[in-house]
Structure formats: C-alpha cells, structure tokens
Amino acid sequence: MTTSYQTQLPAGSHWSFVMRSGTALTLTDVVGGANVGMLFYNPENLLERYNAPDTLKCQHTFRLTAGHCLYSDMGRIFCGIEADSFGWHESVCGTLNAAQTAALFGASDYQQARNQRHQNGYDSFLVELAKYGLGKRDMAACINFFAQVRADDNGTLQRERQGAAGAQVRLRFAMDTLVMLHTCPHPLTPAGDYPRQPLGLQIDAQRAPLPEICLQRAENQRGLRNNALYQLQGEL
C-alpha cells in the first residue's frame with residue numbers, strides 16, 4: 001500500500017487533491033523564491049471553504065506559521081501548520097489576475113509560449129474550481145505560502161521576503177479537505193521577469209491527529225470540537 005507520494009510542480013501551474021483527515025501535505029521551496037497560492041473546500045459540502053478573516057482574527061495574528069490552524073467559514077479547522085522552517089505565510093494579498101500579470105510581465109499566452117506562458121493565479125484557481133462544478137462566485141481569499149508581507153506606517157503592504165531554498169511547511173489535516181493550489185507569482189513580487197521557481201510537494205498518508213503545537217490556543221481547541229461534532233453528525 002502506498003503511504004506517500006511526491007512530485008515537483010513547475011512555476012505557473014495548478015493542482016488539486018482531496019486530503020483525508022489525519023494526512024499531511026508538505027510544501028518545499030526547492031530553489032528559493034517560490035509562491036504557493038492555496039484554497040480549501042469541504043469535499044462533502046463545497047459551500048464550506050477557507051475563511052481568511054476568521055483564521056487571522058481568531059488567532060490574533062497577521063502572519064501564519066507553525067501552531068496556527070486554517071479555518072473554514074463554518075468555524076471548523078481544515079488543517080494545522082504542523083511544522084514550518086520559513087516562519088511567515090500571508091493571507092491578505094490575494095492573487096494576480098490576467099490583466100495584472102500582463103502589466104507586470106507582458107502578455108504571453110499558451111498559443112505563443114506553450115508552458116512558458118505567463119499564467120496567473122486567478123485563472124489557475126478557476127481551472128481547478130471548474131473540475132468540481134465551482135466557478136468565480138466560489139473564489140475566496142487565498143493563502144500565499146512562503147511570502148512575508150508587512151504593512152508600513154501608511155498601511156501599504158510591502159513584501160519583505162519570498163521563499164528560501166529548501167524551506168518547508170507541513171500541513172496536518174483535521175478533516176477531509178479539497179486542496180487547490182497554484183504556483184503563480186505573488187501579487188507583490190518585485191521580479192522583472194516571470195518567476196520560474198518550482199515547488200516540491202509530498203503527501204503523507206499515515207494519519208495522525210493535530211499536534212499539540214496547534215492546540216495551545218483555546219480558539220483552536222474550540223474549532224477542533226466543532227470538527228468532532230461535524231464528524232459525529234455524519235456517523236449518526
């Protein structure tokens with residue numbers, strides 16, 4: 001029986017998979033500078049999806065790192081950040097659309113450049129959403145992994161760091177979760193040329209509960225109780 005799977009995604013690509021409760025997903029910034037935009041949905045009820053404002057405010061944080069949980073809009077925990085060597089991931093900047101990407105890097109489509117086209121995160125999410133009968137109205141604010149962003153004194157967001165070679169973050173799932181991600185540029189990228197850094201991805205099918213580091217906050221203990229009630233409802 002296969003207990004793990006790993007692959008490498010090039011920049012400008014997209015991917016989706018249903019992670020089962022207890023399994024883990026590890027993201028690796030292979031050469032440094034990768035960006036990973038990610039969304040979560042409940043595969044049994046696609047109306048339930050990742051909620052960035054609740055994730056940040058209930059844990060009194062602006063950045064996401066080890067020990068933080070990622071919440072749905074129904075107060076349940078999709079997953080917890082079990083381990084993180086980068087230390088800062090943001091959930092406020094969203095993702096670039098086609099017009100913004102063209103303005104930054106120039107227009108480039110598949111007919112012209114094939115796999116070297118300037119793919120954008122918004123359209124990448126739409127491709128994955130369509131596979132599950134979802135569309136534009138189902139788009140939510142995403143997480144951008146490996147992106148350190150701060151606000152200056154005027155409230156303007158500034159990107160301070162983008163990835164580091166070998167940096168990893170591991171997500172441990174607390175409920176069955178449809179994961180969608182893209183490897184397109186971050187909205188605040190300073191790159192003059194379209195970024196081409198790949199992403200390493202590994203699935204660990206050996207199941208484990210959320211680690212203690214994710215349960216030190218009372219809010220996350222309550223979120224996990226909501227998960228337990230939801231699971232009980234499905235078993236009755």
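One-based numbering along the sequence shown.
- With hydrogens and angles ignored, the 3.5 Å screen pairs a side-chain donor or acceptor of Gln162 with a backbone N or O of Ala34.
- Within the 3.5 Å criterion, the main-chain N or O of Leu47 finds no donor-acceptor partner in the side chain of Asn42.
- Within the structure, the side chain to side chain donor-acceptor pair (under 3.5 Å) test picks out no pair touching residues 199-216 (sequence neighbours left out).
- Every side chain to side chain contact (heavy atoms under 4.5 Å, CB included) that Glu82 has, sequence neighbours left out, goes to Arg170, Arg172, Pro211.
- Taking the side chain to side chain contact (heavy atoms under 4.5 Å, CB included) definition, one finds that Gln111 meets it with Asp109, sequence neighbours left out.
- With sequence neighbours left out, Arg20 forms a salt bridge (Lys or Arg N to Asp or Glu O under 4.0 Å) with Asp176.
- Remark: side-chain polar atoms of Tyr41 are paired, donor with acceptor, to backbone N or O of Asp138 under 3.5 angstrom.
- For His118, the ring pair (Phe, Tyr, Trp, His ring centres under 6.0 Å) criterion is met by Tyr194, not counting sequence neighbours.
- Taking the salt bridge (Lys or Arg N to Asp or Glu O under 4.0 Å) definition, one finds that Glu128 meets it with Lys131, sequence neighbours left out.
- With hydrogens and angles disregarded, no donor-acceptor distance shorter than 3.5 Å links the side chain of Arg117 to the backbone of Gln112.
- The main-chain N or O of Thr156 is never found under 3.5 Å from a side-chain atom of Asn154 such that the two would form a donor-acceptor pair.
- Taking Arg159 as the reference, nothing meets the salt bridge (Lys or Arg N to Asp or Glu O under 4.0 Å) condition, with sequence neighbours excluded.
- Every residue meeting the ring pair (Phe, Tyr, Trp, His ring centres under 6.0 Å) condition with Phe125, not counting sequence neighbours, appears here in chain and number order: His182.
- Every residue meeting the ring pair (Phe, Tyr, Trp, His ring centres under 6.0 Å) condition with Phe145, not counting sequence neighbours, appears here in chain and number order: His89.
- Open room surrounds CG on Asp193; 12 or fewer heavy atoms of other groups in view lie less than 6.0 Å from it.
- For the residue pair Thr26 and Gln168, no side-chain donor N or O sits within less than 3.5 Å of a side-chain acceptor on the partner.
- Taking Arg150 as the reference, Glu160 meet the salt bridge (Lys or Arg N to Asp or Glu O under 4.0 Å) condition, with sequence neighbours excluded.
- Asp29 and Gln197 share no side-chain donor-acceptor pair at under 3.5 Å.
- Across Pro43 and Val18, no two heavy atoms sit closer than the pair CG-CG1, 4.0 Å.
- Counting only heavy atoms from C-beta outward, the side chains of Leu27 and Phe86 never approach each other to under 4.5 Å.
- Considering only heavy atoms from C-beta on, Thr183 comes within 4.5 Å of Ser13 through its side chain.
- In this structure the side chain of Asn220 reaches within 4.5 angstrom of the side chain of Tyr71, judged on heavy atoms.
- For Asn120, the side chain to side chain contact (heavy atoms under 4.5 Å, CB included) criterion is met by Ala98, Thr101, Tyr122, Asp123, not counting sequence neighbours.
- A distance-only check finds a donor-acceptor pair linking the side chain of Asn227 to the backbone of Ala174 [under 3.5 Å].
- No side-chain donor-acceptor contact under 3.5 Å links Thr177 to the backbone of Val179.
- The side chain to side chain contact (heavy atoms under 4.5 Å, CB included) search around Leu201 returns Thr7, Leu9, Trp15, Leu25, Leu181, Ile203, not counting sequence neighbours.
- The backbone N or O of Asp54 lies less than 3.5 Å from a partner atom in the side chain of Asn51, making a donor-acceptor pair.
- Judged by distance alone, the side chain of Arg217 and the main-chain N or O of Gly67 form a donor-acceptor pair under 3.5 Å.
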